[in-house]
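To start, the structure itself, in structure tokens.
Predicted, not measured: the structure shown is a model, and the values here were computed from it. Side chains included, hydrogens not; waters and symmetry mates left out as well; all remaining heavy atoms used.
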Amino acid sequence: MKKSLLALVVLGAFAGTASAQSSVTIFGKIDQALGKRIGSKDKQVVDTAGSRIAFRGYEDLGGGLGALFAIEHRFTPDTGTIGPGVQPSAASSTKFWEGFSFVGLRTQFGAITLGRQYTSSFLTVQNNVDPFAGETVAALRDIGMGLQTSLTSTPIAVNPGTIRVSDSIKYALVAGGFSFSADYAEAPAGQPDRPYSVAGAYTGGPFWAGIAYQNPGNADDNLLNLGARYTFGTVTLSAGYSDGDTQRLSAAIGPQKVKAWLVGANIAVGVGDIKVGYADLKVGSIKANERFGLGYHYNLSKRTKLYIDYAHDGKGFHGAFSAPALANNPAISSDLRNEKDGYDIGIQHNF
């Protein structure tokens, strides 16, 4: 009996040591709102932020070396099906780990990860300018950073950049106020090039600025992003500019130049935030989007908030592409062109 008790004590000591050297964290968010999206007449329950559950882990291997992993599953809370389903532009997916799934090593000289992961351009620059953080009907990120403006299932998808890449390797380093990241991936089926992106940013006190460049893998597609943000008192101002080329528009239109920009502000008022911004996207000689967003997000706690947002796009969802892109295409509803207003009233919990 005493020997058994002693063995349990010894095993417990070793288990305590092992658990102190490694950790696994569960995190994510659930978002639901009553709303209407730009480009649609439907008033429905929507997920405006990309609900998800994720796991990340880290093990200290000693000598400044550590192993890490992260996996993220996207889902739609109103139906329980696989996500993302955030905006009309979000492509349906059957990937269980849609968000990311990677593993790697971290050293004092940076981290190297392999798998499905966000591009360096997205994490370092593209996702750091929109005051709405790419969420709600008022999201400005995809337009202002030139990522995408239309349905991926139609022949008029405009996406000279991409948010994630599969079969990729990434290097990331943070040193003082500077950060640098680069990734390179296998060419997806049907694409002629291997996707890659490289990005850098600087943070100093209230000021942040970043630059990124990427090739998403399609022939002749590329995207340059610039971004800056400054906080004074309770106000954070942000601005972004994008310049690129896209071939994936339509056979009738052909390759086009893409130029976009956005400006925004987040104003902290008590326990809430007023968010406002404007984004503009031009493809070739066509003005594709002119989107204004306004919202108020009330923080019930550090993890839970209520929000209300309004958005207006002078061009609709992608209404500027009237001809020849939309000609004789029954798959494209006129609502995408004519429904120019959107709104949402919702709740989001982060864990």
Side-chain angles (χ1 to χ4, degrees), residues 18-19 21-35 37 44-60 66-106 111 113-124 126-128 130 132-139 141-142 147-148 152 162-168 170 172 181 183 185 273 295 297-307 309 344-351:
S19 64
Q21 294 177 340
S22 62
S23 63
V24 175
T25 303
I26 302 174
F27 64 100
K29 67 175 66 176
I30 298 180
D31 179 280
Q32 289 284 258
L34 299 174
R37 289 168 167 152
Q44 56 190 336
V45 176
V46 294
D47 177 359
T48 73
S51 295
R52 66 202 72 174
I53 182 169
F55 306 82
R56 61 170 171 253
Y58 182 79
E59 181 183 14
D60 186 353
L68 59 95
F69 82 91
I71 50 179
E72 182 184 272
H73 172 66
R74 295 295 183 98
F75 63 95
T76 52
D78 55 321
T79 63
T81 56
I82 294 178
V86 181
Q87 301 289 347
S89 61
S92 59
S93 175
T94 58
K95 295 183 179 69
F96 190 83
W97 302 113
E98 166 66 26
F100 46 74
S101 53
F102 61 85
V103 65
L105 292 174
R106 179 177 295 154
T113 51
L114 298 95
R116 176 174 172 79
Q117 45 198 328
Y118 287 115
T119 65
S120 299
S121 291
F122 180 78
L123 279 185
T124 308
Q126 295 164 356
N127 199 40
N128 289 289
D130 181 6
F132 298 92
E135 300 180 355
T136 80
V137 298
R141 181 188 65 203
D142 288 2
L147 283 169
Q148 190 165 292
T152 56
T162 188
I163 292 176
R164 302 175 183 84
V165 285
S166 299
D167 302 310
S168 66
K170 177 191 286 187
S181 181
D183 56 83
D273 296 281
H297 295 208
Y298 182 81
N299 299 305
L300 296 172
S301 69
K302 290 183 178 180
R303 297 183 176 185
T304 305
K305 68 177 179 180
L306 302 175
Y307 59 87
D309 302 280
D344 57 40
I345 304 173
I347 181 171
Q348 182 181 122
H349 176 72
N350 295 267
F351 58 91

Check your understanding: Taking it one step at a time, do N299 and D273 satisfy side chain to side chain contact (heavy atoms under 4.5 Å, CB included)?
Key -> CA-CA 8 Å; N299 299 305; D273 296 281; 3.3 Å; yes
Check your understanding: Between Q32 and D78, is a side chain to side chain contact (heavy atoms under 4.5 Å, CB included) present by the stated rule, with each step listed?
Key -> CA-CA 8 Å; Q32 289 284 258; D78 55 321; 3.2 Å; yes
Review point. So F55 and I26, side chain to side chain contact (heavy atoms under 4.5 Å, CB included) or not? Walk me through it.
Key: CA-CA 5 Å; F55 306 82; I26 302 174; 3.6 Å; yes
Review point. T48 and T136: side-chain hydrogen bond (donor to acceptor under 3.5 Å, both in side chains), yes or no, with the steps?
Key: CA-CA 4 Å; T48 73; T136 80; 5.7 Å; no
**Study point:** Trace of the side chain to side chain contact (heavy atoms under 4.5 Å, CB included) decision for V45 with L34
**Key:** CA-CA 5 Å; V45 176; L34 299 174; 3.7 Å; yes
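Residue T113 forms a side chain to side chain contact (heavy atoms under 4.5 Å, CB included) with just one option from L68, L105, V103, and that option is L68.
S23 OG to R56 CZ: the interatomic distance, rounded to the nearest 0.5 Å, is 9.0 Å. Between atom OH of residue Y58 and atom OG1 of residue T25 there is a gap of 13.0 Å, rounded to the nearest 0.5 Å. I53 contributes atom CD1, which lies 8.0 Å from atom CD1 of I30 (distance to the nearest 0.5 angstrom). Rounded to the nearest 0.5 angstrom, S101 OG and R164 CZ are separated by 10.5 Å. Annotation: the span from R52 atom CZ to N350 atom CG amounts to 8.5 Å, rounded to 0.5 Å. With rounding to the nearest 0.5 Å, the separation of CG in D344 from CG in D31 is 8.0 Å.
Judged as a ring pair (Phe, Tyr, Trp, His ring centres under 6.0 Å), and not counting sequence neighbours, the contacts of Y118 are F100, F122. Considering only residues two or more places apart in sequence or on other chains, K29 meets the salt bridge (Lys or Arg N to Asp or Glu O under 4.0 Å) condition with E135. Evaluation of the side-chain hydrogen bond (donor to acceptor under 3.5 Å, both in side chains) rule for D183 yields S120, S197 as partners, not counting sequence neighbours.
When all heavy atoms are compared, the tightest approach of G134 to A139 is C-CB, 3.5 Å. Scanning all heavy atoms of the two residues, the minimum distance from V46 to G35 falls at CG2-N, 4.4 Å. Scanning all heavy atoms of the two residues, the minimum distance from A133 to N127 falls at O-OD1, 3.9 Å. The nearest pair of heavy atoms linking S168 to Q117 is OG-NE2, 3.1 Å. Considering all non-hydrogen atoms of both residues, D309 and G295 come closest at OD1-CA, 3.3 Å. Residue K95 comes nearest to I82 through the heavy atom pair O-CG2, 3.7 Å, listed as atom of the first residue, atom of the second, then distance.
For F69, the CZ atom sits in a packed shell: over 12 heavy atoms of surrounding residues, nucleotides or ligands are nearer than 6.0 Å.
Between E98 and R116 there is a salt bridge, since at least one side-chain N of the basic residue sits less than 4.0 Å from a carboxylate O of the acidic one.
The aromatic rings of F96 and H73 sit parallel to each other, their planes meeting at less than 30°, with 60° as the upper class boundary.
Between R74 and D47, every side-chain heavy-atom pair lies at or beyond the 4.5 Å cut-off.
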